[in-house]
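Numbering of ligands and ligand atoms starts at 1, following listing order. Side chains are part of it too, since the values below use all heavy atoms of this structure and drop only hydrogens, waters and symmetry mates. Just so it is clear, the structure is predicted and the values come from calculations on it, not from any experiment.
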Amino acid sequence: MTGRWAPSPTGEFHVGNLRTALLAWLFARSGSAELLWRFEDLDGAVREDFYNYQLRDFQRIGLDWDGEIFRQSERLHLYRDAIEDLQRQGLTYRCWCTRREIREATVAPHAHLPEGAYSGKCRQLTARETSENERSGRNPALRVISGGQLIKIDDRQLGNFEGSVDDFVLCRGDLTPSYNLAVVIDDADMGVTEVVRGDDLLPTTPRQIYLFDLLGLNPPSYAHVPLVLTQSGDRLAKRDGAVTLDDRLALGESELDVLNHLLSSLQLRNIESLGELDQIARDFDPGALPTSPWVFGL
Ligand code: GLU
């Protein structure tokens, strides 16, 4: 078994991120699995200092990882090879739609399709429309042909989930590989067998499983865990107040206090020192985790 923690270095972790990190660690360590660390840093909002902040805070609450630290920005050749492979198989098409056109042309809300699902407009372009687009000077994105396939997932936390796959982006117009493409290539290449991540990513999972399939790769198992909410029911964000580890330390709490707070939120017992976390992992039972989101009281 191999797990992974795959944050985007676009900010300091808040308690919600740390809680998901703790869960990824607990799932891995309870099954004596390795936990790999991968920075998903293909996003424009990445900042160099956040890499170290994130590694530091992960360690400060007693978590660790195995082996080298991966950065997607150093693995572009792998994504390019996969994209070329899919192109060669005739499974892709170019899309010139602007963000606005995509918004306007999204398919009608449908229980099985992810929000913002693409309508497939550019799949049906005439030769004339294609050459007009080519002359426009705009760089096309590359999309996968999905056929609207329905994918079933047996999520370890959420149970059964069904979702359709749209013609999602593989490579953006600026030649950056998409999140879904990079995640699939990396999870396969790094030998990941279990993905633990926030349930905001559940709707993207059918797309990823579809891609594993197209590339002849085995998908991992999935455990999507509820995100942390504010008292008003919104997803917790940095602007909500004292939510990072540094913020909590500045209020006089210790690293152990923060960890115990996270453990309590998972209905796990509190500990006297960070060293006892291994025992928590040994006793960890995913089936006993709370199923409702944690509302963070500031
Ligand atoms: N990089 C994503 C994030 O920080 C996580 C992606 C994943 O776990 O698949 O939200």
Side-chain angles (χ1 to χ4, degrees), residues 1-28 33-47 49-55 57-58 63 65 69-76 78-79 82 114-116 151 153 155-158 161 163 165 168-170 172 176-212 215 217-229 234-238 243-244 293:
M1 292 287 281
T2 303
R4 47 70 156 183
W5 171 239
S8 304
T10 52
E12 269 181 88
F13 289 146
H14 58 54
V15 289
N17 306 127
L18 289 172
R19 187 178 186 254
T20 308
L22 172 60
L23 280 165
W25 186 89
L26 284 170
F27 270 82
E34 293 209 303
L35 185 70
L36 306 179
W37 185 299
R38 175 172 84 229
F39 278 118
E40 304 212 323
D41 57 350
L42 299 181
D43 188 303
V46 164
R47 231 176 62 190
D49 48 342
F50 291 140
Y51 293 85
N52 283 334
Y53 284 146
Q54 293 190 344
L55 290 163
D57 287 357
F58 192 82
L63 308 182
W65 66 89
I69 292 166
F70 296 91
R71 288 187 179 206
Q72 289 189 326
S73 57
E74 292 168 356
R75 299 164 59 81
L76 292 170
L78 292 175
Y79 316 134
E115 209 183 304
I151 305 270
I153 301 162
D155 188 275
R156 277 190 73 183
Q157 282 311 107
L158 302 179
F161 173 79
V165 183
F168 60 92
V169 171
L170 297 172
R172 303 199 315 230
T176 308
S178 71
Y179 157 68
N180 285 307
L181 186 277
V183 163
V184 166
I185 299 307
D186 282 341
D187 283 341
D189 182 69
M190 294 162 61
V192 171
T193 56
E194 181 176 65
V195 168
V196 178
R197 60 187 179 192
D199 63 7
D200 54 326
L201 291 167
L202 182 66
T204 68
T205 309
R207 291 169 170 161
Q208 293 172 22
I209 292 180
Y210 177 70
L211 208 47
F212 274 107
L215 294 164
L217 301 166
N218 279 331
S221 66
Y222 291 92
H224 287 91
V225 296
L227 291 182
V228 178
L229 304 181
D234 297 318
R235 193 187 295 176
L236 186 73
K238 291 273 261 312
V243 294
T244 66

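When heavy-atom distances to ligand 1 are checked against a 4.0 Å cut-off, Q72 has no atom that comes that close, whether in backbone or side chain. At a 4.0 Å heavy-atom cut-off, ligand 1 does not touch V195 at all. Under 4.0 angstrom from ligand 1, the non-hydrogen atoms of S8 come from both its backbone and its side chain.
Across T205 and L201, no two heavy atoms sit closer than the pair OG1-O, 3.2 Å. Shortest non-hydrogen contact noted between G191 and T2 is O-CB, 3.3 Å.
Using a cut-off of 4.0 Å between Lys/Arg side-chain N and Asp/Glu carboxylate O, D186 and R4 are scored as not salt-bridged.
Ranking protein heavy atoms by distance to atom 8 (O) of ligand 1, first place goes to R4 NH1, 2.6 Å. Shortest contact from atom 6 (C) of ligand 1 to any protein heavy atom: E40 OE1, 3.2 Å.
Counting the atoms of ligand 1 from 1 in the order shown, those under 4.0 Å from a heavy atom of Y179 are 6 (C), 7 (C), 9 (O). Listed by atom number, the atoms of ligand 1 under 4.0 Å from R197 heavy atoms are 7 (C), 8 (O), 9 (O).
Considering backbone and side-chain atoms together, A6 places an N or O closer than 3.5 Å to an N or O of ligand 1. For ligand 1, the polar-atom distance check against R38 finds no nitrogen or oxygen pair separated by under 3.5 Å.
With W5 as the partner, the ring-ring contact (aromatic ring centres under 6.0 Å, His included) test is satisfied by one option alone out of F13, F70, F39: F13.
Although no hydrogens or angles enter the test, the distance criterion places no donor-acceptor pair under 3.5 Å between the side chain of N52 and the main chain of D49.
Within 6.0 Å of OH in Y53 there are 12 or fewer heavy atoms belonging to other residues, nucleotides or ligands.
With hydrogens and angles left out, the side-chain atoms of Q208 and Y179 include a donor and acceptor closer than 3.5 Å.
Between V196, N180, T205, L201, it is L201 that holds the heavy atom closest to atom 10 (O) of ligand 1.
Contact analysis leaves Q208 out of contact with ligand 1, as no non-hydrogen atom separation drops below 4.0 angstrom. Not a single heavy atom of W5 sits closer than 4.0 Å to an atom of ligand 1.
A cation-pi geometry, defined here as NZ or CZ lying under 6.0 Å from the six-membered ring centre and within 45° of its normal, does not hold between R156 and F27.
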